Trainee: 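Have a look at the structure that comes next, please.
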Amino acid sequence: TMGSVFAVSITRATPEAFLAWREGWPGSVVGTRLDATVGYREAVYSRPSLILMGNEQAGLTDALAAACDVNVKI
């Protein structure tokens, strides 16, 4: 990333806190999932977009993935 990660806002929240906050988010939420059928290059993104990623081992829960407007494979 050559330091570009330091220019992007990153937040950590519990699933419950995120789901409560998500109701007021004015843009789209893009989730990352291994079982997604849409590749990240083919997805349609609207602004503002928020990317929701789970950890490498477990990924997103089904409840968090359902809260996303689109789930993509990266």
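What you are looking at is a predicted structure, and each value in this text was computed from that prediction instead of being measured.
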Trainee: Is the backbone N or O of T32 less than 3.5 Å from a side-chain atom of Y40, with the two atoms forming a donor-acceptor pair by type?
Mentor: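 No, because the side chain of Y40 does not come within donor-acceptor range (under 3.5 Å) of the backbone of T32.
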Trainee: Which heavy atom in R22 sits nearest to a heavy atom in D69, and how many Å separate them?
Mentor: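 Here R22 and D69 meet closest at NH2-OD2, 2.9 Å.
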Trainee: Got a second to check how far N55's CG is from Q57's CD, nearest 0.5 Å?
Mentor: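 Answer for the CG-CD pair, N55 versus Q57, is 6.5 Å.
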Trainee: Looking at A36, is its backbone amide N or carbonyl O close enough to the side chain of N71 to form a donor-acceptor pair, meaning the two atoms are under 3.5 Å apart?
Mentor: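 Not confirmed, N71 side chain does not pair with A36 backbone.
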Trainee: Same cluster for V30 and W21 if Ile/Leu/Val/Met/Phe/Trp/Tyr side chains link at under 4.5 Å?
Mentor: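 Cluster IDs for V30 and W21 differ.
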Trainee: Supply the members, apart from V44, of the Ile/Leu/Val/Met/Phe/Trp/Tyr cluster built from side-chain contacts under 4.5 Å; use none for a lone residue.
Mentor: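 Under the 4.5 Å side-chain rule, V44 groups with nothing.
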Trainee: Count I, L, V, M, F, W, Y as connected when their side-chain heavy atoms are under 4.5 Å apart, and connections chain through other members. Are M53 and Y45 then in the same cluster?
Mentor: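 Yes, because M53 and Y45 connect within a single hydrophobic cluster, where side-chain heavy atoms sit under 4.5 Å apart.
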Trainee: So, the side chain of K73 versus the backbone of V38: is there a donor-acceptor pair under 3.5 Å, distance only?
Mentor: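 Looks like no, no N/O pair under 3.5 Å.
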Trainee: Can you find a pair of side-chain heavy atoms, one from C68 and one from L52, that are under 4.5 Å apart?
Mentor: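 The answer is yes, as the side chains (C-beta and beyond) meet within the 4.5 Å cut-off.
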Trainee: Let me check something: do I74 and V70 share a hydrophobic cluster, defined by ILVMFWY side-chain heavy atoms less than 4.5 Å apart, either directly or through other members?
Mentor: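 Yes, I74 connects to V70 through the hydrophobic network.
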Trainee: Mind checking whether V72 and I51 sit in one hydrophobic cluster, side chains of I, L, V, M, F, W, Y counted as touching below 4.5 Å?
Mentor: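 Yes; I51 is reachable from V72 via cluster members.
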Trainee: Between L60 and F18, is there a shared hydrophobic cluster once you connect ILVMFWY residues whose side-chain heavy atoms come closer than 4.5 Å?
Mentor: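 Looking at the clustering, F18 is in the same group as L60.
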